[in-house]
Amino acid sequence: MYVTKPRLFLDYALRNRFAFPSFNVCNLEIARGVIVAAEEENAPVMLQTYFGDLHYGGFNVLPETAADLGRASQCPSVDPSRSSG
């Protein structure tokens with residue numbers, strides 16, 4: 001499941017009293033590793049990036065790659081770069 005409004009997911013986690021990790025991913029291999037591990041554990045996960053990584057790899061490449069992995073995943077995932085608040 002791919003979530004475009006992290007605030008809704010964060011509110012749900014708060015209401016239901018659970019936490020989920022956020023991972024800083026800097027390339028495809030790390031993003032894929034995080035998603036695979038989350039799928040194996042059936043755990044929610046948030047992917048985030050560092051501005052410097054976006055500058056190095058291209059502003060559209062890494063976010064779109066992470067978003068594609070999240071959309072294809074069976075685990076809950078959040079992409080904060082797509083949030084409207």
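Since the model is a prediction, treat every value here as computed from it, not as a measurement. What's counted below: heavy atoms across the whole structure, side chains too, no hydrogens, waters or symmetry copies.
- The side chain to side chain contact (heavy atoms under 4.5 Å, CB included) check on Ala13 picks up Phe18, Phe20, with sequence neighbours excluded.
- Under the side chain to side chain contact (heavy atoms under 4.5 Å, CB included) criterion, Arg17 pairs with no residue at all, not counting sequence neighbours.
- Using a 4.0 Å cut-off between charged side-chain N and carboxylate O, Arg15 and Asp11 make no salt bridge.
- Every pair tested for salt bridge (charged side-chain N to carboxylate O under 4.0 Å, His left out) that includes a residue from residues 35-49 fails, sequence neighbours excluded, so the list is empty.
- Heavy-atom minimum distance, Pro21 versus Pro44: CD-O, 3.6 Å.
- Note that CG of Leu47 and CD1 of Ile30 are 11.0 Å apart. Values are rounded to the nearest 0.5 Å.
- Taking each heavy atom of Met46 and Leu10 in turn, the nearest pair found is CE-CD2, 4.2 Å.
- Heavy-atom minimum distance, Val25 versus Ala31: CG1-CA, 3.7 Å.
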